[in-house]
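Before anything else, here's the structure in question.
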Number of protein chains: 2
Amino acid sequence: MPVTISDIAKAANVTKATVSYVINNKPGVSEETRQKILKIMKEMNYHPSTVARGLAGKSTEMLGLIIPDISDHFYVQVVRGVEETANLYNFTLNLCTTHALPEKEREMVDLFTTGRVDGIILMTYFLDLDYIVNLKKRKIPFVLIDSTFEDKSIYTVNVDNFEAGYKATEHLIRLGHKRIAFVGGPQSSNDSLLRFRGYRQALQDHGLSYSEDLVCQGDFKREGGYQAFLTLQRLQNKPTAVFAANDQMAIGILSAARSVGLQVPQDLSIIGCDDIEASSVVEPPLSTIKQPIEEMGKRATEIIFQLIYKEKPAQRRVVLKTSLVERSSCQAL
Amino acid sequence: MPVTISDIAKAANVTKATVSYVINNKPGVSEETRQKILKIMKEMNYHPSTVARGLAGKSTEMLGLIIPDISDHFYVQVVRGVEETANLYNFTLNLCTTHALPEKEREMVDLFTTGRVDGIILMTYFLDLDYIVNLKKRKIPFVLIDSTFEDKSIYTVNVDNFEAGYKATEHLIRLGHKRIAFVGGPQSSNDSLLRFRGYRQALQDHGLSYSEDLVCQGDFKREGGYQAFLTLQRLQNKPTAVFAANDQMAIGILSAARSVGLQVPQDLSIIGCDDIEASSVVEPPLSTIKQPIEEMGKRATEIIFQLIYKEKPAQRRVVLKTSLVERSSCQAL
DNA sequence: TTGTAGGCGTTATCAG
DNA sequence: CTGATAACGCCTACAA
């Protein structure tokens, strides 16, 4: 249906090969013919079929991106980073979601390894290390984002979640808090676990005792934070500060605190993690640990392109640092 | 590199054609051979190449989606609706952004019309009607979201922005407000224009006079709302309520009001438009007009599939209704 | 019921 | 410098 390379060849009175040469600007074509062909291509509004090109073994100019869920702002930010970087290379994104279903994860990976894309960025949580390592046999570059694997043979990009927990807790400690609660995410969350470890380590490094009472489990949602705080409030010895493993929960804690008549930050300091948009408009604005999420997408994409173009990436594991965003939800004791 | 149809054929002692038949479960293959082939495909973990299949004229199982910007929450929601619907059909998304650059828009459309995808959903703002109508010649289904065209020959999905403006204004009027300001988006925004028209119409229908003084231009951003409100404050006869053409600006107006010592909603009622996440956590929670953005993506995708599968969509123009979300930023006078 | 052969649009190889 | 020609993996008449 659309105009093909043969149409151009015919119009220019040459063969397809010659046209192909000028498309990929390879030598072996006289300047005269080259210009003529270029002109005709313009006139006929010709665009090489990426599909055919892909079949013939060349680049598809597409990157596969596998995320669990596009409703989650976290992944949206990753997508943003990937998209913008891919754009620089004139690549387009092939996006799919798994909804954190193991079979879907495998299905999507299989889909992408059939030559439909030139590289894959994956955020999967159920594929085991064996499966991932075996992906290398399929000869298509891939990078993992936010994965739990520490294997040295694969490329991964992560945020330093331990450091995030450490920083948040340390901030509270510096403000003089001694009874600091931790509200975690769901059991299954590795990120939450690492932040928790950072929290413990910070307590320990500053000579504060760790108490299980002060640790609550949430679900990364606002309501979970709300409930968790209510639980905390039933304690004899209440916390003066709380570190929530993400901002959504921190905001839930904020409303819970208000609902029981506490003032933030006068009566309670709160720090979150993520730096979502809502955190800056909430009252009081929420102090938080900002993660370079978009940057993760960017770095992963850069690695993919190095792999595609056969350059050797500097490192296999990149771990990005977080930063403290001080707003008004924390106060010195 | 990966296992191909020939590999399967060889292993099963049949020809590629036979394998192809069972892949597309067509008749003409004995149940016995079919089972045998199926089994071998499983064993060898075979997946037909979508690329080759696309070239041969079959479905690519991909939808092209063109948006201006993935940093904008509005488009993210559209993507979400599209993605989820496409998923039901086992389609994958080919996403690209134009950053609202005219050449990019054209480039992406051209890209997608070369057979790389089975259908296109586009949110472009610079391609003229002629160009769009001509797309039909390329024989690939497409649907426009949030477009300004009223042409009856193309498929479009929109939100009723006029109604949004009307509803917001009417809400304020019902609360007894008579001096209602309007803070619009950038000049180029058609959505903002339509909401403005709704605003005017509501005033008129309720016998209120329209005054140019009460209309300010913003930029759809928080800062723009902030500045716009400061301008409004310089008026002799100040407004008692303001309708912002989007929530970001409404939030800016909220801070501006606070900064000049006004209480919301006691001294000033504010209503926004969009219902972004921040609107529910801001203090006081913002009343707004909720748009079914995700629904737009969903509807557009459904139309695309009807087109792909040669069913006739019920209508060419679908216009979705908005709804009022009452929170605490508006008060009866 | 199965196999043969040609085509989809492009690239690559190898002569001329 | 240019032109045939054979892949690439799959689909679909048509023939056996």
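Chain letters run A, B, ... following the sequence lines, proteins first and then strands; every chain starts at 1.
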Lys/Arg N to Asp/Glu carboxylate O, A:R34 vs A:E31, below 4.0 Å: yes
Separation of D:dT12 P from B:N24 CG (nearest whole Å): 6 Å
Consider only side-chain N and O atoms of B:D118 and B:T60, and report whether a donor and an acceptor are under 3.5 Å apart. yes
Test side-chain contact (heavy atoms from CB on, under 4.5 Å) applied to B:V14 and B:V19, B:V22, B:I40, B:V29, the passing residue: B:V19
For nucleotides 13-16 of chain D, print each protein N/O atom paired with a nucleotide N/O atom at under 3.5 Å, atom names and distance only.
| unit_1 | atom_1 | unit_2 | atom_2 | d |
| --- | --- | --- | --- | --- |
| D:dA13 | N6 | B:Y21 | OH | 3.3 |

Can you confirm whether the side chains of A:E302 and A:Q306 place a donor and an acceptor under 3.5 Å from each other? no
Would you find more than 12 non-hydrogen atoms of other residues, nucleotides or ligands less than 6.0 Å from B:K136 atom NZ? yes
Which is true for A:S30 with a 4.0 Å heavy-atom rule: it touches a base, it touches only sugar-phosphate, or it touches nothing? sugar-phosphate
Would you kindly compare A:S6 and B:T18 by the position of their nearest DNA chain C nucleotide and give the one closer to the 5′ end? B:T18
Between B:S59 and B:E61 (side chain of the first, backbone of the second, donor and acceptor by atom type, cut-off under 3.5 Å), is there such a pair? yes
Side-chain donor-acceptor contact under 3.5 Å, A:D191 with A:S189: no
Rounding to a whole Å, what distance do you find between B:K10:NZ and D:dC10:P? 13 Å
Taken to the nearest whole Å, CD1/A:I5 to C1'/C:dG7 is 16 Å
For A:K16 and C:dC8, what is the distance between atoms NZ and C1' respectively, to the nearest whole Å? 10 Å
Using a cut-off of strictly less than 4.0 Å between a heavy atom of the residue and any atom of DNA chain C, enumerate the qualifying residues of residues 31-64 of chain B by number. B:T33, B:L55, B:A56
C:dC8 C1' sits how many Å from A:D7 CG, rounded? 13 Å
B:I23 CD1 - D:dG9 P separation (whole Å): 13 Å
Salt bridge flag under 4.0 Å for residues B:K39 and B:E43: yes
It should be established whether A:S20 places a side-chain nitrogen or oxygen under 4.0 Å from OP1 or OP2 of nucleotide C:dA12. no
Mind checking whether A:F91 and A:F305 have parallel, tilted or perpendicular rings, split at 30° and 60°? perpendicular
